[in-house]
Amino acid sequence: MGFRDVLGVTEFRALFAAQLVSVTGDQLARVALSILVYDRTNSPGWAALTYALTFLPDLVGGPLLSGLADRYPPRTVMVLADVLRALAVAVMATPGLPLPAVAALLVGVQLFNPVWNSARAALLPQVLPSDTFVPGMGLLMMLVQAGQVAGFALGGLLVAGLGTGGALLADAASFAVSALFLVSGVLPRPPRESSGVRWWRHVRAGWTVVARDRRRLALVALGCVSGLYIAGEAVAAPYAAELGGGAVVVGLLLGAYALGNVLGMAALSRIPPARRSRLLGPLAVLACAALLGCALQPDLAATLTLFTLSGVASSYNLIANTTFVQLTPDTQRAQAFGFALTALRVSQGLGVVLAGLAAERVAPHGVVAGAGALGVLAALGAARLWRQAQPDSR
């Protein structure tokens with residue numbers, strides 16, 4: 001089965017279109033908010049903290065709300081999350097809105113991100129059963145990264161042309177369009193969990209599914225390595241200033257990583273499945289090692305090349321993601337995926353905050369290179385856990 005077979009599924013096309021437009025809009029908002037806060041405060045730390053707020057609410061939304069897609073119809077959960085996010089982002093676009101209010105609304109928006117993604121993870125194996133699932137997941141992740149490239153690149157241009165308010169309104173519209181795609185193109189399905197188990201017991205059961213399986217834990221650890229190589233995104237605004245650029249350069253720096261991720265996943269899709277799992281560790285190490293070149297204080301072109309190479313290697317998350325979903329039982333898939341997503345987002349949020357604080361005292365290129373060095377060590381440890389968790393290693 002290949003990409004053509006997957007694209008022949010009507011419901012998959014609707015799911016893909018919904019996530020593509022919402023991801024593109026979301027990246028517009030991230031660029032706009034980073035620039036908005038940096039312009040008002042002239043502080044790399046505050047800019048990074050605002051960026052981190054797009055990750056940290058997953059600490060609550062991931063474990064406590066992701067199971068909604070197991071207990072209620074997943075399409076309904078996704079549409080409701082889109083509508084609530086559209087309303088909140090539209091309010092954020094209000095001119096002159098105080099920064100604390102912007103931050104509060106941002107937290108509210110991000111609470112629903114793990115809910116939407118977990119519902120999609122629970123729904124996708126039903127839309128793409130059997131041999132179409134892996135290429136479908138690969139195509140979805142690859143083209144969503146393309147949406148990030150477009151969103152980051154357009155974000156700088158839109159902020160320069162329309163201001164931060166215009167970019168935020170574009171994000172609100174993207175959530176509304178996503179909801180329309182879901183309603184018109186995805187069939188309603190009953191929830192997979194219908195045993196009547198209480199909400200808290202279901203939450204605990206989802207955690208148990210992850211914690212008691214060494215393979216799932218190793219996959220989560222590999223995903224959390226992204227909390228270190230994300231440093232380039234965390235300090236994009238001050239890094240662009242160091243390179244002598246403005247809003248457009250911010251968008252280019254953010255988009256370089258996503259572009260590399262697209263190229264990497266396209267290459268991985270051509271590698272036989274039996275070889276992919278062996279690439280998890282080496283690619284995780286390379287995603288961090290590529291950033292070591294920033295220690296040489298390269299120019300813009302060389303910096304974009306390093307960020308792109310890191311993005312290419314970070315495509316190992318495609319392997320980790322599809323493997324995790326396939327290893328998880330149907331009735332607890334959304335909840336377990338929510339826990340994994342929580343660990344991923346929290347590690348990224350902490351990495352963003354720490355990178356921003358470091359950038360208050362260290363030049364941005366030094367912060368990124370230092371994060372790359374720490375990431376190499378973390379990736380080596382996670383890769384060892386993955387090797388030890390394989391059945392043939394015992």
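Index from 1, following the sequence.
Follow the hydrophobic side-chain contacts under 4.5 Å out from L128 and you reach L268 in the same cluster.
Side-chain contact between C224 and V220: present, with at least one pair of heavy atoms (C-beta onward) separated by less than 4.5 Å. Using a 4.5 Å heavy-atom threshold, the side chains of C288 and V225 count as touching. You'll find the side chain of R275 reaches within 4.5 Å of the side chain of R278, heavy atoms only.
Among residues two or more places apart in sequence or in another chain, the side chain to side chain donor-acceptor pair (under 3.5 Å) test is passed with Y316 by none. Under the side-chain contact (heavy atoms from CB on, under 4.5 Å) criterion, T323 pairs with L219, I319, L327, W386, sequence neighbours left out. In this structure, the salt bridge (Lys or Arg N to Asp or Glu O under 4.0 Å) partners of R189, at least two apart in sequence or on a different chain, are E11. Applying the side chain to side chain donor-acceptor pair (under 3.5 Å) test to S226 and every residue at least two apart in sequence or in another chain returns Q348.
Identified under the side-chain hydrogen bond (donor to acceptor under 3.5 Å, both in side chains) test for residues 362-385, with sequence neighbours left out: E242-H365. Contacts classified as side-chain hydrogen bond (donor to acceptor under 3.5 Å, both in side chains) and involving residues 81-91 (residues at least two apart or in different chains) are given here: D82-R85, D82-W116, D82-S178, R85-N113.
A donor atom on one side chain and an acceptor atom on the other are found under 3.5 Å apart for S314 and Y257.
With hydrogens and angles ignored, the 3.5 Å screen pairs a side-chain donor or acceptor of N261 with a backbone N or O of G311.
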